[in-house]
Peer 1: 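Submitted below is the structure of interest, expressed as C-alpha cells.
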Amino acid sequence: MGNPEPSHTSADRAKPPDPKDSFSEFRCPLLVLALTTGIAGFLDAFAFLRYGVFVANQSGNVILFGIGAVGQHPAWPAAAASLVGFAAGAALSTWVRLMASRWSSSARGIAAAVLTMAFWAVLNVLLEYGRHGTVGKIVLAAVGGLAMGSLATLFVRTAGIASTITYQSGTVAKTGERIAAWLAGPSADRRRARRALLLGLMMLASYALGGGIGALAQQRPLLAPTWATLALAIVTLSLARPARSRP
C-alpha cells in the first residue's frame, strides 16, 4: 500500500496542514496508525477483562449501560464512568491542541495521550487493577476512558481517509462501502477505494492483534498500561514531524 502522492496547486500549498491527518503530522504514518490502533485494542481488551467494561469501544459501553439500567449488568456504573472519561479526554486533548504554543499540535496531542495513559497506569498499580471492589473499577474505567479519549483525537484521517483509532464499528462499515466502490464504482474512484479498503483491513487486524495481546497480558497486569504508554511515547514522539517540515 504505497503512500499517495496527491498533486498540489498553489492554493493547496497555501493551506495549513491538516492536524487531524496522520500524513501531515507523522513520518511513517501507516506505522503510527497501526501502532496506535493496536494500543487501543490492547488496552480495551485488558480493561474489559479487568473491569467488565471498555475504555476505547464506547459503543459497547452504551450497550452495557443500557443493559445495566434494567438490572442485567452490575458493572454499568463503570461503563458510565468510562463514557464520561472518554468525552473528557477528547475535550482535554482538543483544548491542549488548540492552545497557542511553540510545540506542534501533534506533539501536544501525544503529550496529552501519554500523560493520561501514564496516570492510568499508576492508578492501576495503586488500586490493584480494580481487584478489590466496585469503586476501584469505576475510578479506573473513568481514567482509562480519559486516556483513550485523548488518544482518539490524535488524528482521525490518514491521507484524507477516515481512520478513527478507537472506533472500529465505523471502520467495519466503511470497509464494506469500500469493497462495493472498488468492485462496482466508477473506474476513477477504484484506486482510492482499494487503498482505503487496505487501510481499513490493516486497522481491524491491528485492533484484533492488540486485543489478543491484551488478553494474554492478564497474566502480568503490570506490563499492560505501562508498556503501552512507553510504546506510544517512544514511537509517536520519534516519528512526529517538526512543525517546520510539515508539507
Peer 1: Quick one: does Ser150's side chain have a donor or acceptor within less than 3.5 Å of a partner on Leu146's backbone?
Peer 2: yes
Peer 1: Sub-3.5 Å donor-acceptor pair from the side chain of Lys137 to the main-chain atoms of Gly52, do we have one?
Peer 2: no
Peer 1: Tell me the closest heavy-atom pair linking Val53 and Ala75, and the distance in Å.
Peer 2: CG1-O, 3.5 Å
Peer 1: Is the backbone of Arg97 close enough, under 3.5 Å, to the side chain of Arg108 for a donor and an acceptor to pair up by distance?
Peer 2: yes
Peer 1: Between Arg50 and Arg131, is any pair of side-chain heavy atoms under 4.5 Å apart?
Peer 2: yes
Peer 1: Indicate if Met148 and Leu33 have the same hydrophobic cluster label, given that clusters are the connected sets of ILVMFWY residues with side-chain heavy-atom separations under 4.5 angstrom.
Peer 2: yes
Peer 1: Have a look at Arg178 and tell me which of Ile161, Leu183, Leu199, Leu201 forms a side-chain contact (heavy atoms from CB on, under 4.5 Å) with it.
Peer 2: Ile161
Peer 1: Any chance you could lay out the side chain to side chain contact (heavy atoms under 4.5 Å, CB included) test for Val122 and Thr226, step after step, and finish with the verdict?
Peer 2: CA-CA 8 Å; Val122 170; Thr226 303; over 6 Å; no
Peer 1: Has the side chain of Asp44 got a donor or acceptor atom that lies under 3.5 Å from a matching backbone atom of Ala56?
Peer 2: yes
Peer 1: Taking Glu128 for its side chain and Val125 for its backbone only, find out whether a donor-acceptor pair lies under 3.5 Å.
Peer 2: no
Peer 1: Looking at side-chain heavy atoms only, is the closest gap between Thr153 and Ile165 below 4.5 Å?
Peer 2: no
Peer 1: When rounded to the nearest 0.5 angstrom, what distance separates CG in Leu127 from OH in Tyr51?
Peer 2: 8.5 Å
Peer 1: Distance from Tyr129 atom OH to Leu123 atom CG, nearest 0.5 Å?
Peer 2: 11.0 Å
Peer 1: How close do Asn124 and Pro225 get, counting heavy atoms only, and between which atoms?
Peer 2: ND2-CG, 3.8 Å
Peer 1: Between Met117 and Ile39, what is the shortest heavy-atom contact and its length?
Peer 2: CE-CG2, 4.0 Å
Peer 1: When you measure from the side chain of Ser163 to the backbone N and O of Thr158, does any donor-acceptor pair fall under 3.5 Å?
Peer 2: yes
Peer 1: Is a donor on one side and an acceptor on the other found under 3.5 Å between the side chain of Glu25 and the backbone of Ser106?
Peer 2: yes
Peer 1: Working to the nearest 0.5 Å, report the span between SG of Cys28 and CG of Leu35.
Peer 2: 11.5 Å
Peer 1: Atom CG in Leu209, atom OG1 in Thr37: separation rounded to 0.5 Å?
Peer 2: 11.5 Å
Peer 1: Taking Asp189's backbone N and O only, do any of them form a donor-acceptor pair with Arg194's side chain (distance below 3.5 Å, no angle check)?
Peer 2: no
Peer 1: Tell me whether the rings of Phe48 and Phe54 are parallel (<30°), tilted (30 to 60°) or perpendicular (>60°).
Peer 2: parallel
Peer 1: Find out whether Asp21 and Phe155 are in side-chain contact, i.e. whether some heavy atom of one side chain is under 4.5 Å from a heavy atom of the other.
Peer 2: no
Peer 1: Quick one: are Ile67 and Trp76 in side-chain contact, heavy atoms under 4.5 Å?
Peer 2: no
Peer 1: Kindly work out whether a path of hydrophobic side-chain contacts (I/L/V/M/F/W/Y, heavy atoms less than 4.5 Å apart) joins Val114 to Leu43.
Peer 2: yes
Peer 1: Are Leu115 and Leu154 linked, directly or through intermediate hydrophobic residues, by side-chain heavy-atom contacts shorter than 4.5 Å (ILVMFWY only)?
Peer 2: no
Peer 1: To the nearest 0.5 Å, how far apart are NZ in Lys20 and OG1 in Thr164?
Peer 2: 10.5 Å
Peer 1: How close do Tyr207 and Thr166 get, counting heavy atoms only, and between which atoms?
Peer 2: OH-O, 4.1 Å
Peer 1: Assigning hydrophobic clusters by single linkage (Ile, Leu, Val, Met, Phe, Trp, Tyr; side-chain heavy-atom cutoff under 4.5 Å), is Val235 placed with Phe26?
Peer 2: yes
Peer 1: What are the two closest heavy atoms between Thr116 and Ala112, and how far apart are they?
Peer 2: OG1-O, 2.8 Å
Peer 1: Is Leu239 linked to Leu237 within one hydrophobic cluster, defined over Ile, Leu, Val, Met, Phe, Trp and Tyr using a side-chain heavy-atom separation of less than 4.5 Å?
Peer 2: yes
Peer 1: Going by the side-chain contact (heavy atoms from CB on, under 4.5 Å) test, name the single residue among Val172, Leu198, Thr171 that passes it with Met203.
Peer 2: Thr171
Peer 1: Are Leu140 and Trp120 close enough, and set up right, to give a side chain to side chain contact (heavy atoms under 4.5 Å, CB included), and what steps lead you there?
Peer 2: CA-CA 7 Å; Leu140 290 171; Trp120 183 40; 4.3 Å; yes
Peer 1: Please find the pair of heavy atoms, one from Phe23 and one from Ala159, that lie closest to each other, and give the distance.
Peer 2: CD1-N, 3.3 Å
Peer 1: With rounding to the nearest 0.5 angstrom, report the CZ to CH2 distance, Phe42 to Trp227.
Peer 2: 11.0 Å
Peer 1: Judged by atom type as modelled, is there a donor-acceptor pair below 3.5 Å linking the side chain of Gln72 to the main-chain atoms of Ala69?
Peer 2: no
Peer 1: Spell out, as yes or no, whether a donor-acceptor pair under 3.5 Å connects the side chain of Ser82 to the backbone of Ala78.
Peer 2: no
